[in-house]
Structure formats: C-alpha cells, structure tokens
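The structure appears right after this line, and notes come after that.
Note that the coordinates shown come from a computational prediction; the quantities given were computed from them, not determined experimentally. The basis for the numbers below is simple: all heavy atoms, side chains too, and nothing from hydrogens, waters or symmetry mates. When a ligand or atom number is given, it counts from 1 through the structure's own listing order.
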Amino acid sequence: MIAQGHDTRATPGTPDCFVVAIDGPAGAGKSTVARRVAVELGFGYVDSGALYRAAALAALQADLDIDDESGIAKRISEARIALSADSRSVRIDDIEVSAAIRTPEVSQAASQVSALPAVRAALIDLQRRAAVAPGIVADGRDIGTVIFPNASLKVFLDADPAERAKRRTDELVGTGKAADLADVRREMDERDSRDRNREVAPLRAADDAIIVDSTAMGIDEVVGLIVNEFRVRIPT
Ligand code: CDP
C-alpha cells in the first residue's frame with residue numbers, strides 16, 4: 001500500500017504536524033466541513049471513510065465474501081490503495097475509483113468490512129502516514145479515539161438523524177443520482193447502528209472531543225467554530 005504524494009517522515013501529533021480530528025455519524029457534514037477547515041488552515045485533508053470504501057470495493061471486485069476477514073485484509077495489503085493529499089483522488093492499483101466508491105452498495109459493504117479487526121489494522125498505517133506537516137484534517141469514526149489520540153483538536157460532529165438523512169439525500173440528488181429520503185434514512189440508521197455497536201473502534205466521541213450538534217447550523221458556522229477552536233488552542 002502506498003500513500004500517494006505523502007511524506008512519511010512527519011510524526012503525527014508533534015508540533016510540526018497538527019491534526020484536527022473530526023468524527024461523527026453518516027451525513028453529519030464531516031467531509032464538507034473537514035475539507036473547508038483544511039483549506040482555511042492550509043492543511044491536507046484525509047477522508048478515512050474513502051479508504052474503508054476502497055477496501056470494500058476491492059473486496060467486491062475480487063468476489064470475496066464480505067465477512068472473509070483474512071481474505072479481505074490480504075487483498076487490502078496487496079492492493080495499492082492511494083489517497084491524494086486533498087482526498088479528491090482515490091486509487092486502487094492505479095485505477096481511479098473516487099466515483100465508484102460512492103454507491104449505496106459500497107457504503108453498506110464499507111460499514112460491514114470496517115467492523116473486521118484485521119481490515120482496520122490493515123488501514124492504520126496508511127492513515128498515520130498521511131499526517132504530514134504543517135498538518136491535516138482527518139475525518140471518520142475513530143480518528144480521535146484510535147488513529148490520532150494526540151490530535152491537536154478533536155471534534156465530534158453530530159446532527160439529528162432526520163436532518164442527516166435529508167442532507168445525504170440532497171447531496172445524492174445534487175450529483176444526479178436518484179435518492180429516496182426513506183431509503184437513505186434506513187440505510188444510514190443501519191450503518192450508524194453497526195458503526196456504534198461494533199467491538200473494534202466503535203463510533204464514539206473521544207473523552208476530550210468538543211461535541212458540535214450541527215442540526216441547526218450552516219456549514220460556514222461549523223467551519224468558523226472549528227477554525228476558531230483550533231486557533232485558540234494553537235495560536236499562530
Ligand atoms: O460519508 P459517510 O459518513 O456516509 O461515510 P464514510 O465516512 O465514507 O464511511 C463509510 C463507512 O466506513 C462508515 O459507515 C464506517 O462503517 C466506515 N468507517 C470506519 O469504520 N472508520 C472510519 N474512520 C471511517 C469510515
């Protein structure tokens with residue numbers, strides 16, 4: 001596995017590599033917010049969900065059973081999964097898959113394979129090696145609890161489930177896909193429940209995370225709050 005374009009010398013969590021960790025359930029707005037915060041701070045953006053999605057797609061393409069833990073972990077370690085520094089490009093074996101990993105089928109498969117301990121273990125290094133100076137914003141489910149426990153700032157971004165389902169439906173429709181609110185809500189609830197209740201790295205807020213409920217907040221407001229929290233902690 002390689003992390004394309006990433007300097008592997010930086011030490012995560014040290015002052016020359018700041019980490020802003022944004023965790024939370026599906027549809028809370030993590031990736032939109034994380035991407036914007038990264039631009040404001042001049043940092044890279046690490047979409048850890050894209051790695052789990054790529055792992056799931058690699059398993060589906062290889063016709064592996066979705067609960068074949070060792071088979072999927074082996075496939076991940078052989079596949080060259082690569083994320084660009086802004087996470088816009090995701091590649092498996094040099095083939096661009098950034099659109100292919102966004103289907104509902106891959107979302108469900110990602111949530112299933114990500115509950116397997118060997119799969120999580122196989123993706124840890126890739127995430128940590130993506131931490132390069134001056135810093136990164138990384139989003140996912142266990143960024144603040146497992147991947148970067150010494151992050152400079154940890155945020156748990158949440159929102160009401162009905163609002164999250166609405167946002168995800170609007171997002172899908174906005175990209176030209178057919179999406180039904182009730183289906184999206186069902187799929188999201190299923191995934192969240194699996195992510196919260198799994199034994200390894202369950203979705204939860206780190207003890208030292210700030211909890212942000214974005215139900216009634218706009219993107220600008222959430223981005224402003226996080227950038228401000230970061231600057232208060234790390235004055236420039
Ligand atoms: O964007 P959305 O919140 O729908 O999902 P995502 O962040 O792309 O993640 C897809 C799935 O990967 C999640 O439902 C989780 O099961 C899994 N995931 C994880 O287990 N740990 C992470 N750090 C990121 C994603």
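In this structure a side-chain-to-backbone donor-acceptor pair under 3.5 Å is missing from Arg164 to Ala28. A donor-acceptor pair under 3.5 Å links the side-chain atoms of Ser214 to the main chain of Asp158, judged by distance alone.
A distance of 9.0 Å separates CZ in Arg91 from OG in Ser84, rounded to the nearest 0.5 Å. Between atom OG1 of residue Thr215 and atom CG of residue Asp160 there is a gap of 5.0 Å, rounded to the nearest 0.5 Å.
Ionic pairing of Arg75 and Glu78 is not present here: no N-O contact between side-chain nitrogen and carboxylate oxygen is shorter than 4.0 angstrom.
Aromatic rings of Phe148 and Phe18 (six-membered ring for Trp) have centroids beyond the 6.0 Å cut-off, not under it.
Arg120 NH2, 3.0 Å is the protein heavy atom nearest to atom 21 (N) of ligand 1. Nearest non-hydrogen protein atom to atom 15 (C) of ligand 1 is Asp195 OD2, 3.2 Å. Of the protein's non-hydrogen atoms, Arg53 NE, 2.6 Å is the one closest to atom 8 (O) of ligand 1. Nearest protein heavy-atom contact of atom 1 (O) of ligand 1 is Arg168 NH2, 3.3 Å. Atom 10 (C) of ligand 1 has Arg191 NH1, 3.5 Å as its closest protein atom, hydrogens excluded (heavy atom only). Among all non-hydrogen protein atoms, the one lying nearest atom 12 (O) of ligand 1 is Tyr52 CB, 3.6 Å. Counting only heavy atoms of the protein, atom 24 (C) of ligand 1 lies nearest to Ser48 OG, 3.4 Å.
Counted by atom type alone, Ser107 and Arg53 present one or more donor-acceptor pairs between their side chains at under 3.5 Å.
Linking ILVMFWY residues whenever their side-chain heavy atoms come closer than 4.5 Å, directly or via other members, leaves Tyr45 and Ile234 in distinct clusters.
In this structure, of Ala201, Pro25, Ser114, the residue bringing a heavy atom nearest to atom 17 (C) of ligand 1 is Ser114. Of the options Glu171, Arg141, Arg198, the smallest heavy-atom separation from atom 3 (O) of ligand 1 is shown by Arg141.
Here's the thing with Lys30: one of its N/O atoms is less than 3.5 angstrom from an N/O atom of ligand 1. The N/O atoms of Asp142, backbone and side chain alike, include one that comes under 3.5 Å of an N/O atom in ligand 1. Of the polar atoms of Gln127, none of the N or O atoms is found under 3.5 Å from an N or O of ligand 1, judged by distance alone.
Tested against Asp142 for a salt bridge (charged side-chain N to carboxylate O under 4.0 Å, His left out), the candidates Arg198, Arg120, Lys154 yield a single pass: Arg120.
Neither the backbone nor the side chain of Met188 has a heavy atom within less than 4.0 Å of ligand 1. Contacts between Glu187 and ligand 1 below 4.0 angstrom, taking non-hydrogen atoms only, are absent altogether.
Using a 4.0 Å cut-off to heavy atoms of Ser111, the atoms of ligand 1 that qualify are 14 (O), 16 (O). Interface of Ala26 with ligand 1, defined as ligand atoms under 4.0 Å from a residue heavy atom, comprises 3 (O), 4 (O).
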**Request:** Let me see the working for Ile72 and Ile76 under side-chain contact (heavy atoms from CB on, under 4.5 Å), right down to the final yes or no.
**Result:** CA-CA 6 Å; Ile72 299 173; Ile76 296 171; 4.0 Å; yes

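Taking every heavy atom of both residues into account, Gly71 and Leu64 meet most closely at O-CD1, 3.7 Å.
Within the 4.0 Å heavy-atom shell around ligand 1 one does not find Arg194.
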